[in-house]
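Single-structure report; data block below.
Reminder, nothing fancy here: chain letters follow the sequence lines and each chain counts from 1. All values below come from the heavy atoms of this structure, side chains included, with hydrogens, waters and symmetry mates left out.
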Amino acid sequence: MDYSIETNDLNFSFAQNRKVVDELNLRVPQGSIYGFLGPNGAGKTTTIRLLTGMLANERDNIFIQGKSLQKFSPSIFKSIGCLIETPSLYLHLTGKENLRLITTLRSSDTGRIENILATVGLADAANRKVKEYSLGMKQRLGIGMALLPDPELLILDEPVNGLDPNGIIEIRELLIRLNKQEGKTVFISSHLLHEIEKSCTHIGIINRGALRYEGTLADMKNTAYASGEVVFKISEADQWIEPLQSRFQMARRHAQDEIIFPFKAQDDVVQINQQLVEMQVPVAGIHIRGGLEEWFMQIISNDKQTV
Amino acid sequence: MSFIETHNRAFKAEWLKLKRSGMFWLLLGAALFIPLIMTIVYLAVDLGEVPSNTEPWDGFIESNLGGFSSFFFPLFLVLMVVRIVYLEHRSDTWKLLETQPVSKLSLYLAKWEIAAIISFVCLLGVLLFSIAGGLMVQLFKPKYNFGKDSIDWALTASVILRLWIASLGIISIQYFLGLLIKSFAWPMSIGLMAVIAGSMLAGFGVLTWWPYSAPAMTVSAFNGSAAGNFLLMHEKMSLLWTALFLWLGYQLFLRKSIIRAVLLPAKRAFIFAGLLIVFIGLAWWLSRPDTLKPYGKTVMAGNIISAKPIQNVVLLQAPAFDTVLAMPVKNGKFWGEVTKPLDAGIYYLRAGSFRSQVFFGSNDSLHIEILLSEKNKDEKITGTRIAENEYLSNQRDGNYFQLKNYAYEFKPNDYQRAIISKWSEEKEKIEKFKTVDNIRPRADFINAQKSMVAIKLLNLIDNYYPKVFAVYHPNEQLKFKSDLKSIRKAAGTNTGALAMYSDYRSFINESVRNKSGRNDSLYLTTLQSTVNDQKTRDYILYDAAQQDFLRIRDSVKRAQTFTNAVNMISDPKLKTDLTQKLIRMQRLQRGQKAPNFTAEALNETDFDLARLSNRYVVLDVWATWCGPCKVQAPYFEELADRYTSEQVAFVSVSIDENKNAWRTEAANKKGRVLQLWAKNPDVDFANRFAISAIPRFLLIDPRGNIISADLPLPSEPEFEAILQKEISSLSNRSF
């Protein structure tokens with residue numbers, strides 16, 4: 001099968017006139033790390049709840065691993081591991097007992113428990129009640145519970161929520177490893193752009209319930225970083241603004257010592273720089289502004305204009 | 001992946017979740033509480049002497065399960081289910097469960113099953129602790145007989161099972177509530193209020209379909225259905241509640257919102273409406289009351305456990321108290337069959353000093369269990385007249401206080417309206433009555449009871465109110481708006497069926513007296529013409545002869561009126577009985593030798609009438625349970641103080657069955673009255689002295705002859721006047 005997750009015109013509303021999910025057509029390729037992006041309230045969690053059958057969907061238009069979610073529930077969950085919103089943990093049980101619960105429900109081998117505990121860094125805290133865990137520890141346990149059944153598909157809703165920078169890196173590397181070495185498909189939802197950028201192979205952007213963009217990371221980067229602005233720090237900017245404007249019409253002076261050049265492709269930046277060097281412009285610093293965030297905001301704001 | 005397989009996984013997971021959840025301690029505490037208190041009570045409080053053949057285990061287990069089930073058990077169930085559901089709400093672990101390869105149905109049912117199992121374990125725990133408690137009592141208080149008795153395992157098992165079934169309705173509803181409201185406090189509060197309501201409703205026997213009352217109702221009918229069903233009506237209702245709320249809860253679990261579960265889309269609303277209709281239909285069908293069918297024969301049987309040995313159990317018929325059945329007691333059991341037709345009505349049961357009323361008639365089979373111990377007496381009646389006898393034993397007489405004592409406040413039409421509204425109130429009470437077992441009395445009983453109410457009310461408006469009216473409105477004529485046809489119809493006079501009810505006879509008697517006044521011969525002729533039914537007439541004459549005619553002072557007139565009455569009676573048994581009474585009365589005429597009696601004094605010396613020879617004896621026959629006797633006592637004692645001398649003795653003889661009761665009261669009396677306790681009250685006083693009502697005062701001369709066998713009351717001046725007239729040597733010690 002091509003797609004790990006596929007939806008066809010998925011719709012959902014809680015109340016009569018407000019659609020929370022609007023004609024969503026997701027295509028999550030097999031073996032990818034798919035980043036599901038969107039601002040708060042875009043419908044990410046609702047979509048995930050629909051994908052996992054937690055919300056009742058009228059039509060049969062959700063397919064996981066090629067199988068209809070409606071027809072193959074709940075056995076379809078044999079190969080899915082989920083972490084949705086805050087981790088679902090039994091506070092009065094220990095970390096190990098929580099994992100034990102998963103193996104009981106899935107009738108699976110308890111041998112993996114020790115491995116998982118080590119993988120998520122909870123080997124020491126395994127026998128303490130979850131009540132006593134810190135936020136980060138709870139998050140790790142949640143991830144561990146999703147990983148425990150060795151699933152082919154991982155659905156993680158904001159998995160690095162509450163983790164410190166170290167933790168974020170660890171989880172990122174874990175997911176990449178699972179994907180590259182074991183071929184697992186990972187579906188992550190997040191609102192952390194730069195995190196997604198570092199770990200995903202595919203991106204999907206959702207806003208107001210509708211999918212605004214879907215594509216590979218490479219494509220996205222090309223598009224996102226394709227256009228933007230490059231800021232040159234030049235000490236006597238007013239002296240240089242006119243000669244530069246004759247070459248580059250769109251150049252403009254931003255501050256006393258900054259001149260901004262918009263560009264459409266990365267090559268442009270190289271050109272501009274070479275030109276400035278030729279003109280012997282005293283460049284003190286270069287940095288590229290916007291890019292991913294801007295592009296993202298644009299995608300989101302397009303919505304508001306069309307509505 | 002079969003349902004059974006995922007179900008087992010879900011079930012095991014639920015067990016794992018109970019670890020460290022506090023459920024064990026809750027269970028332990030709930031099961032231990034009542035048995036612990038009961039055991040302490042039994043050990044600490046002295047229950048008096050208990051007959052050696054008592055069966056204490058039954059009562060002990062019943063008290064324990066009873067005390068537990070009416071309030072604590074439902075409360076425990078509410079708390080337990082709310083906890084089990086809240087365990088998931090707390091950290092929203094529902095989403096964890098729903099993303100496992102386990103069917104939603106398995107997840108949903110697993111929790112319910114755990115709750116049902118915990119409920120059962122709790123009941124077993126109560127039983128276990130009760131047994132342990134009983135063994136403790138046996139250890140420290142062997143006199144209570146726990147060692148010699150055995151537990152009725154069949155009954156106990158059936159009660160536990162029925163209590164468990166009664167609990168399922170509560171569990172299912174609380175489960176639904178817990179899924180509906182995702183907090184701890186709200187489902188707990190709603191459950192608590194429902195339990196309190198249930199306790200009260202069960203106490204009043206109202207709203208028997210209320211699921212939270214079910215355990216209380218089960219233990220109030222501890223021995224189960226008297227009609228032979230295994231489950232009582234409310235237990236079947238509990239199963240119905242379970243079915244409905246299991247379905248509702250599952251829909252809610254699947255669809256997350258109650259609106260989407262039952263109302264949207266339209267198809268669901270139809271299904272829900274359909275289910276509701278089926279539910280209400282079944283509930284209505286279940287709650288229809290049953291009536292018991294007659295038995296082929298007319299039999300009475302039973303057990304009697306008593307400290308004092310009892311030879312016979314007799315069943316007597318009003319008004320003459322002739323014996324319908326005389327049943328000898330063998331090994332604590334008695335049995336009797338009536339071969340001739342028997343009118344259905346109230347009969348009187350006597351066993352030793354035990355007295356009770358039973359409703360009985362042709363083709364009825366009754367089983368009666370009687371327990372008589374020093375401090376307690378208990379009677380249980382089962383058989384074909386359960387509802388009737390339960391109604392009689394619980395009967396709280398309708399409140400006629402206002403109609404009687406405040407009659408003068410009412411204008412005629414207002415009084416009539418009050419009578420009519422009382423009629424519909426009482427009528428509804430008897431028509432709506434049913435036992436916990438959902439059994440209604442048969443039509444003959446209902447009609448008889450309605451007649452009795454009608455008669456009471458007619459007596460008030462026909463006989464009593466006019467008298468009151470005449471006093472307060474002497475010059476006005478009494479006119480009523482309506483003739484109260486429906487009430488008169490219900491009273492159904494002039495048939496023999498009601499003749500055995502004394503209220504009925506008094507009513508007729510009153511009506512006839514109103515027309516005839518004090519003229520006795522007019523009374524007899526009026527009675528003849530008014531009452532067509534022979535049996536009724538006979539019984540009324542029997543009453544009148546004893547109450548009115550036997551007490552006529554003029555002995556010639558007395559004999560004549562009495563004989564006229566007896567001649568009007570057709571029942572030979574009654575004739576003979578009255579004739580004997582007359583003879584006895586005549587034997588107690590002035591100048592006749594007073595019958596002897598044997599008695600005992602406070603210092604336990606024997607006494608008889610002979611010991612008081614050569615003295616005038618002013619005799620007072622009384623008992624500790626007789627109110628009017630207590631009213632007369634001070635007057636009697638005052639006269640005794642003044643007139644006791646070597647020539648005159650004032651004697652009070654008590655006919656109390658319970659010697660200790662007499663001793664306690666008599667020992668505290670100061671004064672000059674000689675206090676005696678009759679050793680053979682039935683023979684000596686009821687029979688020979690023909691005393692059927694107390695207090696009775698007699699005057700006997702020094703030679704042992706009767707001067708008067710029926711003096712006026714000491715509170716009347718005539719009493720002292722007679723003493724002064726009759727006793728020549730009377731010396732007054734008044735100051």
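A side-chain donor-acceptor contact under 3.5 Å links B:Tyr175 to the backbone of B:Tyr108.
With respect to A:Tyr90, the side chain to side chain donor-acceptor pair (under 3.5 Å) criterion is satisfied by exactly one of B:Lys19, B:Arg20, B:Glu88: B:Glu88. Of the residues listed (A:Val28, A:Ile33, A:Ile64, A:Leu156), the one engaging A:Phe187 in a side chain to side chain contact (heavy atoms under 4.5 Å, CB included) is A:Val28, and it is the only one.
Salt-bridge formation is not detected for the pair A:Glu214/A:Arg27: no Lys NZ or Arg NE/NH1/NH2 atom is positioned less than 4.0 Å from an Asp or Glu carboxylate oxygen. For B:Lys104 and B:Glu98, the salt-bridge test fails: no basic side-chain N is under 4.0 Å from an acidic carboxylate O.
Heavy-atom contacts from other residues, nucleotides or ligands closer than 6.0 Å to NZ of B:Lys182 number more than 12.
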Original post:
Can you check side chain to side chain contact (heavy atoms under 4.5 Å, CB included) on B:Ile118 and B:Met23, steps first, answer last?
Top reply: CA-CA 9 Å; B:Ile118 293 179; B:Met23 195 55 75; 3.7 Å; yes
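Across A:Val130, A:Ile80, A:Ile102, A:Leu55, the residue that shares the most heavy-atom pairs under 4.5 angstrom with chain B is A:Ile102. Across A:Glu85, A:Arg49, A:Arg106, the residue that shares the most heavy-atom pairs under 4.5 angstrom with chain B is A:Arg106. Counting heavy-atom pairs closer than 4.5 Å to chain B, the top-ranked of the candidates A:Met145, A:Glu97, A:Lys129, A:His92 is A:His92. Interface remark: of the candidates A:Leu83, A:Leu105, A:Leu101, A:Leu105 forms the most heavy-atom pairs closer than 4.5 Å to chain B.
Using a 4.5 Å cut-off between heavy atoms, A:Thr103 makes no contact with chain B at all. Only the side chain of B:Leu97 comes within less than 4.5 Å of a heavy atom of chain A; its backbone N, CA, C and O stay farther away. Looking at A:Ile84, both its backbone and its side chain come within 4.5 Å of chain B, counting heavy atoms on both sides. Of the two parts of A:Glu58, neither the backbone nor the side chain holds a non-hydrogen atom closer than 4.5 Å to a non-hydrogen atom of chain B. Using a 4.5 Å cut-off between heavy atoms, B:Lys256 contacts chain A through its side chain alone, with no backbone atom that close.
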